[in-house]
Visitor: 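Before anything else, here's the structure in question.
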Amino acid sequence: MQTKWKIVLFFFFAILLTNCKKDAAIHPKVEDECINFPPSSSPLGYQYQQPEITYNAPCFNPNNPNEIIFVRGYYSTQSNELVKYNLITKNETVLLSSTQIWGHPNWGINGWILLNKGDNQVWKIKDNGDSLTQLTTQFGIDAIWSPNGNEFAYWVQIGSVDYTFFSDINGNVLDTLLYPNIAYQAAWSPDGSKIATLGLSYINLNTKQTISVHTSLNPPYINSVGWLSDSETIIWSSNDGFYKTNINTNTTTRIKTACSSKKYIRPTVFNNKIIIQRFDSKLISENIIWTENNLYMMDADGNNETKLTLP
């Protein structure tokens, strides 16, 4: 489990790491067409270039579909910040500046945002930027609020054992589950009864059992999950696409095709409107790839995909 976590973090922050090179003079237009790049002819593989600013990890305000938070990264300082943004007024508020904000901050209906600051502890901050508070002391990762905002779940590895903890809003532990019931990069269903996990499975919170969801696609490693508003449909992304699967019928539908030039990760949903992080890439020479992190909005069926213009 720890290895999987490291792989996901590497993928999530890949464009911020030292293998990437920034050239302010190069700003190629990223095409929307889905293209798979050929293998690099260099023994060192592809070199990467990127813009100064990246946009990551969106999350809707559960009380207002016109507001989101996201993590804005800066290449030159290797830092990032938590930003609240209104999609209608275009107003932004920087809620937290930090050298490290990891994972996917999660906004609760109670007005608190859960996040990791790079110390592997769960923190919360009010959605006006006040009252940053540490909630865990024995580590905690991938924290998510329950739909009613009364508790949150997170996972942690202690020794060789993986746990999912459920805590109240102040961090007091209410319940504990053991592997394989792990809320790893997870999403809580809107009806509060299930938690979807990266293995294309979900924890039934009534029986406290993990149930596998079957699909004939045999997907590669899944990098993120979410729920549509019916609490019966898991949305999930992998290197070859963005999908939705009904957990009752096991019917899977491709929402978007992914490829070398665009990959999807970290969906957030409000009333079947999706905002998702997209890695946009362009091969600008034989061994150089230009890569951007952008946020896109679309309908639940993938129609009307539109890039968000963010500050």
Side-chain angles (χ1 to χ4, degrees), residues 56-72 81-87 92-96 98 101-117 119-137 139-156 164-177 182-197 202-203 205 224-231 234-235 266-277 295:
N56 315 284
C59 183
F60 272 113
N61 179 349
N63 297 305
N64 182 356
N66 296 324
E67 282 191 333
I68 61 171
I69 52 172
F70 61 88
V71 177
R72 183 165 55 202
E81 57 193 8
L82 182 65
V83 179
K84 180 170 67 173
Y85 183 72
N86 190 292
L87 299 169
E92 72 158 270
T93 304
V94 176
L95 302 179
L96 180 65
S98 174
I101 299 173
W102 286 6
H104 196 178
N106 185 257
W107 202 339
I109 197 171
N110 54 22
W112 288 92
I113 297 166
L114 296 170
L115 69 148
N116 283 111
K117 292 207 309 169
D119 55 1
N120 292 341
Q121 301 289 358
V122 178
W123 295 73
K124 68 178 180 179
I125 189 171
K126 286 185 179 179
D127 56 18
N128 63 1
D130 291 342
S131 305
L132 180 66
T133 306
Q134 184 174 335
L135 294 174
T136 60
T137 57
F139 302 124
I141 303 169
D142 301 331
I144 51 174
W145 286 114
S146 62
N148 61 15
N150 291 335
E151 60 182 301
F152 65 94
Y154 60 97
W155 77 272
V156 65
T164 294
F165 288 103
F166 295 83
S167 297
D168 66 18
I169 60 173
N170 297 313
N172 300 305
V173 176
L174 304 172
D175 198 4
T176 306
L177 299 180
I182 303 302
Y184 177 60
Q185 297 284 317
W188 211 313
S189 65
D191 66 3
S193 68
K194 301 173 285 290
I195 293 178
T197 67
Y202 64 92
I203 303 170
L205 296 178
S224 54
V225 295
W227 290 93
L228 295 185
S229 59
D230 61 6
S231 294
I234 296 175
I235 55 176
R266 302 299 196 190
T268 182
V269 182
F270 194 108
N271 290 339
N272 291 337
K273 279 288 186 181
I274 298 171
I275 293 179
I276 194 166
Q277 179 181 341
L295 304 185

Visitor: Can you find a heavy atom in the side chain of F165 that is under 4.5 Å from one in the side chain of E151?
Guide: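 Heavy-atom side-chain distance check fails, nothing below 4.5 Å.
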
Visitor: If you take all heavy atoms of N128 and D130, which pair is closest and at what distance?
Guide: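 Shortest heavy-atom contact: OD1-N, 3.0 Å.
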
Visitor: Quick check: does any side chain N or O of S131 sit under 3.5 Å from a backbone N or O of K126, one acting as donor and the other as acceptor?
Guide: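 No, the answer is negative, given that no donor and acceptor are paired below the 3.5 Å cut-off.
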
Visitor: Rounded to the nearest 0.5 Å, what separates atom CD in E92 from atom NZ in K84?
Guide: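 Output value for this atom pair is 11.5 Å.
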
Visitor: Is the shortest side-chain heavy-atom distance between T93 and N86 below 4.5 Å?
Guide: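 Answer no - side chains too far apart.
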
Visitor: Is there a donor in the side chain of D142 and an acceptor in the side chain of W155, or the other way round, less than 3.5 Å apart?
Guide: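 Judged by distance alone, the side chains do pair up.
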
Visitor: Distance from L114 atom CG to L135 atom CG, nearest 0.5 Å?
Guide: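 Those atoms lie 6.5 Å apart.
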
Visitor: Determine whether R72 and L82 make a side-chain contact, defined as any pair of heavy atoms from C-beta on separated by less than 4.5 Å.
Guide: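 The answer is no; the side chains never approach within 4.5 Å.
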
Visitor: Hey, which of I274, I276, V225 is the one that makes side chain to side chain contact (heavy atoms under 4.5 Å, CB included) with I235?
Guide: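 Among I274, I276, V225, the one meeting side chain to side chain contact (heavy atoms under 4.5 Å, CB included) with I235 is I274.
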
Visitor: Flag the pair T133 / I125 as yes when at least one side-chain heavy-atom distance between them is below 4.5 Å, and no otherwise.
Guide: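 Side-chain contact under 4.5 Å: no.
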
Visitor: Side-chain contact, heavy-atom cut-off 4.5 Å: L95 with V83?
Guide: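 No, side chains not in contact.
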
Visitor: For S189, run the side chain to side chain contact (heavy atoms under 4.5 Å, CB included) check against S229, P147, S231 and tell me which one passes.
Guide: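 Exactly one option meets the side chain to side chain contact (heavy atoms under 4.5 Å, CB included) with S189, and it is S231.
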
Visitor: May I ask you to decide if Y184's main-chain N or O and T197's side chain share a donor-acceptor pair within less than 3.5 Å?
Guide: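 Looks like no, no N/O pair under 3.5 Å.
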
Visitor: Walk me through whether D168 and N150 qualify under side-chain contact (heavy atoms from CB on, under 4.5 Å).
Guide: CA-CA 6 Å; D168 66 18; N150 291 335; over 6 Å; no

Visitor: So which atom in F270 and which in P62 form the shortest heavy-atom distance, rounded to 0.1 Å?
Guide: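 Looking at all heavy atoms of both residues, the shortest contact is CE1-O, 3.3 Å.
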
Visitor: Does the side-chain contact (heavy atoms from CB on, under 4.5 Å) test come out yes or no for Y154 and T136, once each step is laid out?
Guide: CA-CA 10 Å; Y154 60 97; T136 60; 3.7 Å; yes

Visitor: Work out which heavy atom in A196 is nearest to a heavy atom in I234; give both atom names and the distance.
Guide: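 For A196 versus I234, the nearest heavy atoms are CB-CD1, 3.9 Å.
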
Visitor: Is the NZ or CZ atom of K194 positioned over W227's six-membered ring, under 6.0 angstrom from the centre and within 45° of the axis?
Guide: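 Yes.
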
Visitor: To the nearest 0.5 Å, what is the distance between CG (N172) and CG (N170)?
Guide: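 Separation between the atoms: 6.0 Å.
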
Visitor: Taking the side chain as every heavy atom from C-beta outward, state whether C59 and F70 have any pair of such atoms under 4.5 Å apart.
Guide: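 No, too far: nothing below the 4.5 Å cut-off.
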
Visitor: Run S146 and F166 through side-chain contact (heavy atoms from CB on, under 4.5 Å) and show every step you take.
Guide: CA-CA 10 Å; S146 62; F166 295 83; over 6 Å; no

Visitor: Are the side chains of I141 and V122 in contact, using a 4.5 Å heavy-atom criterion?
Guide: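 No, too far: nothing below the 4.5 Å cut-off.
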
Visitor: Quick check against the 3.5 Å criterion: does N61 have a side-chain atom that pairs as donor or acceptor with the backbone of I68?
Guide: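 The answer is no, because no donor-acceptor pair under 3.5 Å joins these two groups.
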
Visitor: Strictly distance-based, threshold 3.5 Å: is any side-chain N or O of W188 a donor or acceptor partner for the main-chain N or O of G192?
Guide: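 Yes.
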
Visitor: Measuring from atom CZ of F139 to atom CD of Q121, what distance do you get when rounded to the nearest 0.5 angstrom?
Guide: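 It comes to 5.5 Å.
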
Visitor: Please answer whether the main-chain N or O of F60 pairs with a side-chain N or O of T268 as donor and acceptor at a distance below 3.5 Å.
Guide: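 The answer is yes, because a donor-acceptor pair under 3.5 Å joins these two groups.
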
Visitor: Without swapping roles, check the side chain of Q134 against the backbone of W123 for a donor-acceptor pair under 3.5 Å.
Guide: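 Not confirmed, Q134 side chain does not pair with W123 backbone.
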
Visitor: Heavy-atom distance under 4.5 Å between the side chains of Q277 and P58, does that happen here?
Guide: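 Yes, at least one pair of side-chain atoms sits under 4.5 Å.
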
Visitor: Any donor-acceptor pair under 3.5 Å linking the side-chain atoms of W112 with those of D127?
Guide: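 There is no such pair between these side chains.
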
Visitor: List the atom of G140, the atom of N116, and the distance in Å for their closest heavy-atom pair.
Guide: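 Here G140 and N116 meet closest at O-ND2, 2.8 Å.
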
Visitor: Verify, without hydrogens or angle tests, whether N110 (side chain) and G149 (backbone) share a donor-acceptor contact under 3.5 angstrom.
Guide: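 Indeed, once roles are kept as given, a pair shorter than 3.5 Å links the two residues.
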
Visitor: Quick check for you: to the nearest 0.5 Å, what is the distance between I101 atom CD1 and N56 atom CG?
Guide: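 Answer for the CD1-CG pair, I101 versus N56, is 10.0 Å.
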
Visitor: Hey, could you give me the CG/CD1 distance between L177 and I195, rounded to the nearest 0.5 Å?
Guide: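 L177 atom CG to I195 atom CD1 measures 8.0 Å (nearest 0.5 Å).
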
Visitor: N63 and G108: which non-hydrogen atoms are nearest, and at how many Å?
Guide: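 Heavy atoms of N63 and G108 come nearest at ND2-O, 4.3 Å.
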
